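Here is how names work: the chains are called A, B, and so on, in the same order as the sequence lines, proteins then strands, and each is numbered from 1. A quick note: this is a predicted structure, and the numbers were derived from the prediction, not measured.
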Amino acid sequence: MLTAAGTLVVPAFIKPFEALALDELTLYKNLVVVQLSGGNDGLNTVIPFGNDIYYQKRKNIAIKPQELIKLDDMQGLNPNLSALKEIYDQGWMSIINDVGYPNPDRSHFRSMDIWQTASDANQFLSTGWIGRYLDSNCQSCKFPYTAIEVDDSLSLAMKGKTKKGIALKDPAALFRNTNEPFFKEMMNNDKEHLDEDNLGYLYKTMIETSSSANYIQNTSKIYQDNFVYPSTGFASQLKTVAKFISSGLKTRVYYVSLSGFDTHVDQTPQQGRLLKQYAEGINAFLKDLKQNNKLDDTLVLTFSEFGRRVEQNASNGTDHGTANNMFLFGGKLKKQGIYNAAPNLQDLEAGDLKYQVDFRQVYGTILDKWLDVNNAQILNQRFNTLNFI
Amino acid sequence: MEKKENFFKVKHLYNRAGFGIAYPELEHLSRKNLHKSIKELFSNAQKITDLSTVDASQTRQQLLIQAGLNGKKDFSPEEKEQRQEIIRKISQKGRDLNIEWIQRMISTDTPLLEKMTLFWHGHFACRSGNPLFSQQLNNIQRKYALGSFKTLLIEVSKSPAMLQYLNNQQNRKNHPNENFARELMELFTIGRGNYTEQDIRESARAFTGWTYNKDGDFEFKPYIHDTGSKIFFGKTGNFDGEAIIDIILEKPATATFICRKLYTFFVSDTPNEAHIQELSSCFYDQQYDIAAVMKKMFEAEWFYSPENTGNKIKSPAELLVGLSREFFVTYNKPQVLIQLQSSLGQYLFNPPNVAGWPGGRSWIDSSSLMLRMKIPSLVLNDGLIDFNAKADPEEEALLAINRKPKIQKKSYINAEANWEKFLNTLPKNCSTADLAAFLLQPLPGSKIKSLTTNSSDLKKTAIEITSTPEYQLC
C-alpha cells in the first residue's frame, strides 16, 4: 500500500534545464491535440474548388477560386488560413480528407464523446483514448504529468481508469493553489491515508497534483519564452504548450481547444475569424518550436467532432454533417501536403460525405509510431496504420 | 453508547438517502428507533411537487415561431434577430430549469424523493434542446421515483424527451430505428449479455408508432406501427411496446440489473453480489415496487457496516447541495450554480451520453479535486472565482451567434452562508472536534484531529473541515 507513495517522490528530476543530458531532452516525442469544438465546416476550410458541385451546393457561402490559396488543382485553403501557407510550403503540414466513422452521430455531444473515447457509434466508454494510453503504463507515460490539458478542467479524452491527465491553464496559478498553507498541511505526507480505499485515492491524487504542479512550475519557469504570439486565447494556450515542450518537460501529450464552430447562421465571418485565430496560432507555435529545435519531436493533430453538410442551409450557414478533414503538423511528416484524394461530392449518403479513413486509424498510427504503444491495447481492436509519420 | 451509534447511523442514512441532516434533527432522531427514521423518510416522500419553471404554452409558442422561421429561405434582419432571440430565450429557460431543481434539492423537505429523482435522472439519462421536454421527463422521474418501476419505465419511454433523444420519431414500419430498443435493454433494464441483436431488431418493430405530437404529448400512430408478428426472447406474437416491456420485466436479470445500479449509487462503488441478490429478489417479488426495495436496502444491516460508510465519493450534485443545505447558503446570482456543476463535471440535464455519469472515482482528477477542496471557502466566504467551465458542446451554436468572444472576467461567487443560523443549530459547548465529527462521515484521522486541536473558532474550523479530502466522502 505504500508503494503508491513511493512513486510520488519527485524531486530527483527537478534539476535545471542545462543539467539534463541532450538525449533525455529528445527522448520525449510530443503529441499536441487541437480540438475544434462545434463541428468545423471542413469543406470551407480546405475547399474542393475544382469540383463544380461545391459551387452548386453553396451558392452564398462558397469561397471563390480567386480568393482561396490553391494547394493543387482540386483543393485550396480558406483565405483566413493564409498563415498556414508557409507552413504547408515548408512541408510541415499534412491534410487527411474524409475522416469519420461508421454510423455517424450528428449530435455534438455524442459525436465528441465518440471522438474523445474512440468508441464505436453504439458503444459507451467512460475512458478517453489518451486516458487509456496513460493506463497502459508504458515506459514513457508513467508520470502524473504525462498528459496536460491547457484548461481549467479535464476532457474525457484525458481520463483513464486508473490514471488521468492534469488540467492547468497557468502553471504558476496551480503552483500557488497547491502551495497554500492549508493545502500544504493537508498534503504533508504522514502516510496515514495512502490506502487503496477512496480516501487513499483522494490523498494520492492531491499529492500527485502538488508534486506535478511543483515539477511543472520549477521546470518551465527557468525557460525564457521570447517568441511573440498573437494575442488570442488560443495562441496563448499554444504558447504555454511551447514553453513546456521547450523547457524539456517530460510530458508526452498536450491538449488544447478552440470553440465556436457551430456555424448554422451567417457562417462566413464567424468561421473566418476562428480559422484566422487557428492558423496564426499554429504558425507562431510551429516557428517557436523550430527555433528551439523541437519541431522534429512534435506532432500536432487537429480534429473536430464532425464536418458539415455539403449543401448550405437557408441561413447562409451549414448544418451538422459527418466526415471531415484532419490536419497534422510537425517537422518529421512522412507524407507532406495532401494525404489522400479530395472528398467525393457526388457519392453522398443522405447529403453527407462518406468517410474514407476511420479516425481511429489516425489515432492508431500515432499510438503505434509516435507514442510507442500497440494501438490494439488502447483502441480495444487493431486499426491499420497510415503513412503520415 | 446506543445513542452514539444511532447518531452515526442516522447521519449515514440521511447522507445517502438525502443530502445530509441538520444537527437538531439528527439529535432528535438518534434518540428514536432507526426504523422510525426510515419510515419517516418514506412518508415525507409522498409529497410530490413538480418542477414548473418552464411554461408549456409559452415554450410551444416560441418553438412554433422558430419552426416557421426555419422553413424560410431568406431572412429579413428582424427575422434573424427574432430567431436568435428565441434561441437565447430557450437556452435561458433550460438553465432556469436546472437552477430550479438544484435549489429545490438544497431546500427540500422531501430529500429522499429528490435523491431518488437524481438517481433516475442518471439512469434514464437524456438531453433535450427543448426545456419543456426536459421538465416533463424530470417530473415523471419524480412522480414515479418511489412507485412502480414498470410505470416509470413506460412513462419515460413515452416521454417526448426520450422519444426524441433516442430517435423513436424515426422508428417506422419498414424503416425501423433501433436506437431506443437497444438502449432500453442495454442501459435501462436488463444489461449487456442478456439479449441478442435479433431481440433488438424485433423489439424496435414493436415500438414503431410511439411518437410525440407538436404539443409535446405522446401519440401512438397506428399507420406507422408494425403489426406483424415478432419473435422476442424466444416468444412469438404481435407484440406492441408495452408487451415488450412486460417480457423484459419477467426476467429476474432485469431486477438484478436495476438493483446493482441502486447499490452502486446508494451503497458502495464495489458491488457485493450477495447483497445485490438480496435486493433483487425483493424487487422482483414485490413486482418492481421501488419503495419496497429501497426500504429493504436502508433496513439492511450491511447498509451501515464500516466498509459502506464514509467511503463513497460524493457526486458534484451531492457535494454542492450538501454544502449549501448544511450552511443555509443563498446564491444571489444562481447562475453560478451552473458554472460550478459544469466545472465539477456534472451539469444536470446534460449527461455525457445515454449511459449517464459514470460516477465513483471518475469524478476525481487533479483539477476537479482541487476545485472541490476550494469550493467551500468560495461559497462560505464569498470568494473570487478564477476558473472557467468548458463550453458545453450543445451550446456551441449560441457561442457562434455571439460575435464578440466571451470575455472571461473574474467575479465573486456572490453567495451568503447563514452562519448565525448554522451556529445556532449546534449544541451548546460544541467543540471544534465535535463539529468535525458532525460534518464528516469518515472517522476523523490524525490530520483532522490536529486541525481541530489547533483552533477553537467554529466558523474557521467549519470552512477548513469542508475543504478536506475527507469531506468529499459520505
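Neither the backbone nor the side chain of Gln271(A) comes within contact range of chain B; no heavy atoms are under 4.5 Å apart. Proximity to chain A involves both the backbone and the side chain of Pro352(B), based on heavy atoms less than 4.5 angstrom apart. Only the side chain of Ser450(B) comes within less than 4.5 Å of a heavy atom in chain A; its backbone stays farther off. For chain A, the nearby part of Lys312(B) is the backbone; its heavy atoms alone come within less than 4.5 Å. Of the two parts of Arg83(B), only the side chain, counted from C-beta on, holds a non-hydrogen atom closer than 4.5 Å to a non-hydrogen atom of chain A. At a 4.5 Å heavy-atom cutoff, the contact between Ile364(B) and chain A is made by backbone and side-chain atoms alike. Residue contact with chain A, scored on non-hydrogen atoms closer than 4.5 Å, involves the side chain of Leu187(B) exclusively. Residue Glu464(B) touches chain A through both its backbone and its side chain, counting heavy-atom pairs closer than 4.5 Å. For Ser210(A), no part lies near chain B; criterion is any non-hydrogen pair under 4.5 Å. For Asn60(A), no part lies under 4.5 angstrom from a heavy atom of chain B. Of the two parts of Asp113(A), only the side chain, counted from C-beta on, holds a non-hydrogen atom closer than 4.5 Å to a non-hydrogen atom of chain B. Contacts between Thr178(A) and chain B at a heavy-atom distance below 4.5 Å involve backbone atoms as well as side-chain atoms. The contact between Ser343(B) and chain A is made entirely by backbone atoms, counting heavy-atom distances below 4.5 Å.
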Practice problem: Give the intermediate values and the outcome of ring-ring contact (aromatic ring centres under 6.0 Å, His included) for residues His123(B) and Phe265(B). | Solution: CA-CA 10 Å; His123(B) 180 74; Phe265(B) 187 90; over 10 Å; no
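In this structure, Arg127(B) is not positioned above the aromatic face of Phe349(B) in the sense of NZ or CZ being under 6.0 Å from the six-membered ring centre and within 45° of the axis.
Ring geometry for Trp363(B) versus Trp357(B): interplanar angle of 30 to 60°, hence tilted.
Of the charged side-chain nitrogens involved, none lies within less than 4.0 Å of a carboxylate oxygen, so that Glu197(B) and Arg201(B) do not count as a salt-bridged pair. Ion pairing between a basic and an acidic side chain is recognised when a charged N comes within 4.0 Å of a carboxylate O; Asp319(A) and Arg106(A) show no such pairing. A salt bridge links Asp152(A) with Lys169(A); the closest basic N to acidic carboxylate O contact falls under 4.0 Å. Under the 4.0 Å criterion applied to side-chain N and carboxylate O atoms, Arg361(B) and Asp269(B) are not assigned as salt-bridge partners.
No side-chain donor-acceptor contact under 3.5 Å links Ser111(A) to the backbone of Ser107(A).
Counting heavy atoms of neighbouring residues, nucleotides and ligands inside a 6.0 Å radius, atom CD of Gln123(A) exceeds 12 of them.
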